[in-house]
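All remarks here apply to the structure that follows.
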Amino acid sequence: MGGGGFGSLTPERARVLFLLAARASAFVLLIIFAVVFGTLLAAGSGLSGASGAISASWLAVHQVPLTIGRTGIGLWPLLPTGLMLWLVARDCAKAADHCAAEADCTPVDLAWIAGAAIGGPLLVTAVCLAVADDASAVLALQPPDTLVAFAWVIGLHLLAVIAGVGARHWRDFTDLLPIPLPHWVVPGVRAGIRAVWRLLGVAAVLTVVSFLLHWSRIGDTYHSAGNIAGALGLTLLSLAYLPNALVDTAGVLLGGQVQIGAGSLSLFGIEGAPVPAVPLMAAVPSGPVAAWWLVFLLAPAAVGVLGGLDCGRGTDDRPTAPWATLTSAAVAAVLIALLGGLAGGDLGTFGRIGPEVAISAALAFVWFAVTGYVGMLGARWFAPAAVGTAAGAAEYDYDDGEYEYADDEYDDDYAEDDYYADDEYEDDYYDDDDPGHVVEVDGELLDEPDALDPEPHAESDENSDIVDAEVVEGDLPDNPEVDGR
């Protein structure tokens with residue numbers, strides 16, 4: 001390719017890619033070093049198992065299932081994983097901005113960005129797997145399957161690349177498709193992402209309320225902490241698992257079920273079971289369920305209506321073709337499934353803790369498709385002035401093949417008489433020989449002395465005339481330049 005982008009790897013572009021490959025991983029490793037060494041020093045244990053703990057922590061941040069002793073752990077906190085992916089997505093966005101500043105991002109440029117964002121963490125993962133294998137003689141840590149670990153790392157960082165680059169340069173991704181992307185896809189994707197954020201926001205409010213209602217039980221969980229360091233560790237552990245709890249609560253709000261070991265939790269029933277003794281689990285209601293809990297089903301309904309309003313106002317969705325609304329529901333269902341898969345897993349003897357992924361995704365699609373359709377109809381019927389694309393932009397009518405402009409696109413002042421200056425059109429624009437013009441002449445022709453005539457007044461009587469003439473011809477032609485259009 002040409003000189004733009006990362007196709008020709010100049011030193012400046014190599015520096016950008018190196019930072020992309022190393023910065024987020026280095027930051028995560030620094031935090032892991034601080035936490036591991038701080039924990040070991042606070043516990044008064046030796047540092048012989050520090051390398052194995054660091055390797056296990058790196059794999060845990062990437063949600064890789066591990067087996068410690070005879071206990072299998074697949075339920076890892078989402079907060080460190082989310083922060084890491086946010087750092088990677090931000091660096092990918094900056095790299096794409098650097099590429100776009102010189103030229104449009106090509107598939108080769110996107111491949112460079114994705115390769116750098118994934119290659120650095122893969123290298124660290126390979127080192128951690130080797131260290132975990134060596135540390136198994138000191139710690140009761142079984143190294144995970146190499147392919148499984150690499151698959152988790154590649155999948156998570158690929159999601160970060162798509163999110164980071166797609167948020168600012170989504171057209172570069174659509175250019176890779178073999179067919180043109182329908183116009184309603186991107187607005188539908190954005191509406192689906194907003195719907196998931198809104199649902200998680202409602203889940204956060206409900207979780208806080210549940211904490212307040214079970215405040216006495218939260219205090220009981222700290223009795224086993226022993227000292228201040230233990231209480232601080234339980235608090236940090238609960239905060240790290242808080243995003244997992246929000247995803248579980250979102251699944252309950254959708255009408256689904258959260259599995260807690262041998263028990264379960266939903267709006268329709270609760271089956272008790274032993275839970276981990278951490279403050280976060282104290283917010284889980286113990287039952288029995290109340291009939292008024294069904295009011296919480298209004299949350300996904302309201303979120304779906306808001307998503308439908310977004311699609312109705314920002315796209316050309318119609319009752320007979322609600323493609324953006326359906327796209328929004330599908331994207332929300334996929335995101336709920338991804339979050340549910342990340343938020344759940346096995347936790348030793350407690351069993352699996354997490355939402356029912358398939359049920360939650362199906363319910364999310366139904367809720368956001370049905371109530372989203374209602375919201376889209378409301379945007380079309382009750383808020384017609386707000387429907388359409390952004391103000392001042394043309395909306396393409398795909399049925400008639402014509403561009404239609406909003407009624408308020410042009411102000412009334414645009415057509416006022418004083419819009420055009422009086423001297424904008426010169427008089428000599430009009431040709432007197434054109435029979436389609438109307439020319440009116442009303443003036444005097446006076447004889448003035450010629451500067452080169454030695455006798456200026458010699459023939460003044462003969463050349464002195466007063467002309468008063470009016471010529472009336474046909475109508476003006478329908479000329480857009482003459483009419484000011």
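Electrostatic pairing of Arg198 and Asp310 counts as a salt bridge here, judged by a charged N lying under 4.0 Å from a carboxylate O. We find that Asp346 and Arg352 are not joined by a salt bridge, their nearest charged nitrogen and carboxylate oxygen being 4.0 Å or further apart.
The backbone N or O of Ala324 sits nowhere less than 3.5 Å from a side-chain atom of Ser328 that would complete a donor-acceptor pair. Put simply, the side chain of Trp323 never gets that close to the backbone of Val185: no donor and acceptor are under 3.5 Å apart. Although no hydrogens or angles enter the test, the distance criterion places no donor-acceptor pair under 3.5 Å between the side chain of Gln63 and the main chain of Leu78. In this structure, Asp317 contributes its side chain and Thr325 its backbone to a donor-acceptor pair below 3.5 Å. Between the side chain of Thr81 and the backbone N or O of Val61 there is at least one donor-acceptor pair closer than 3.5 Å. Put simply, the side chain of Tyr373 never gets that close to the backbone of Leu326: no donor and acceptor are under 3.5 Å apart. A donor-acceptor distance shorter than 3.5 angstrom exists from the side chain of His214 to the backbone of Ser210, with no hydrogens or angles considered.
Around CD1 of Ile228, the count of heavy atoms belonging to other residues, nucleotides or ligands within 6.0 Å does not exceed 12. A 6.0 Å sphere centred on CH2 of Trp197 holds no more than 12 heavy atoms belonging to other residues, nucleotides or ligands.
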Open item on the list: Please determine whether side-chain contact (heavy atoms from CB on, under 4.5 Å) holds for the pair Arg318 and Met376, giving the CA-CA distance in whole Å, both sets of side-chain angles, and the decisive distance to 0.1 Å.
Closed with: CA-CA 8 Å; Arg318 302 180 301 279; Met376 184 267 295; 5.8 Å; no

Task: Trace of the side-chain contact (heavy atoms from CB on, under 4.5 Å) decision for Leu75 with Tyr241 - done: CA-CA 9 Å; Leu75 177 62; Tyr241 275 102; 4.0 Å; yes

- [ ] List the steps, then state whether side-chain hydrogen bond (donor to acceptor under 3.5 Å, both in side chains) holds for Thr125 with Trp58.
- [x] CA-CA 8 Å; Thr125 302; Trp58 171 267; 3.0 Å; yes

- [ ] Show your reasoning for whether side-chain contact (heavy atoms from CB on, under 4.5 Å) applies to Leu254 and Ile359.
- [x] CA-CA 9 Å; Leu254 289 169; Ile359 296 177; over 6 Å; no

Task: CA sep, side-chain torsions, deciding dist, call: Leu156, Leu342, side-chain contact (heavy atoms from CB on, under 4.5 Å) - done: CA-CA 10 Å; Leu156 289 176; Leu342 292 174; 4.1 Å; yes

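Distance check, rounded to the nearest 0.5 Å: CG of Leu280 to OG1 of Thr235 gives 11.0 Å. Atom CE of Met84 is separated from atom CG of Leu79 by 11.5 Å, given to the nearest 0.5 angstrom. Atoms NE2 and OG, from His62 and Ser57 in turn, are 12.0 Å apart once rounded to the nearest 0.5 Å.
Counting heavy atoms from C-beta outward, Leu129 and Asp133 have side chains that stay 4.5 Å or more apart. Two residues are said to be in side-chain contact when any heavy atoms from C-beta on lie closer than 4.5 Å; Ile336 and Leu199 meet this criterion. Taking 4.5 Å as the limit, some side-chain heavy atom of Leu297 sits within range of a side-chain heavy atom of Leu267.
When all heavy atoms of Leu309 and Gly378 are compared, the pair lying nearest together is CD2-C, 4.4 Å. Minimum heavy-atom separation, Leu265 to Val252: O-CG2, 4.1 Å. Summarising the geometry of Gly255 relative to Phe268, their closest heavy-atom pair is O-CE1, 3.7 Å, with the distance given to 0.1 Å. Of all the heavy atoms in Val278 and Ser238, the pair that sits closest is CB-OG, 4.2 Å. Here the closest heavy-atom approach between residue Leu335 and residue Gly192 is recorded as CD1-O, 4.4 Å. Of all non-hydrogen atoms in Asn244 and Trp76, the two that sit nearest each other are ND2-O, 3.3 Å.
Ring planes of Phe37 and Phe33: parallel class, angle under 30° (limits at 30 and 60°).
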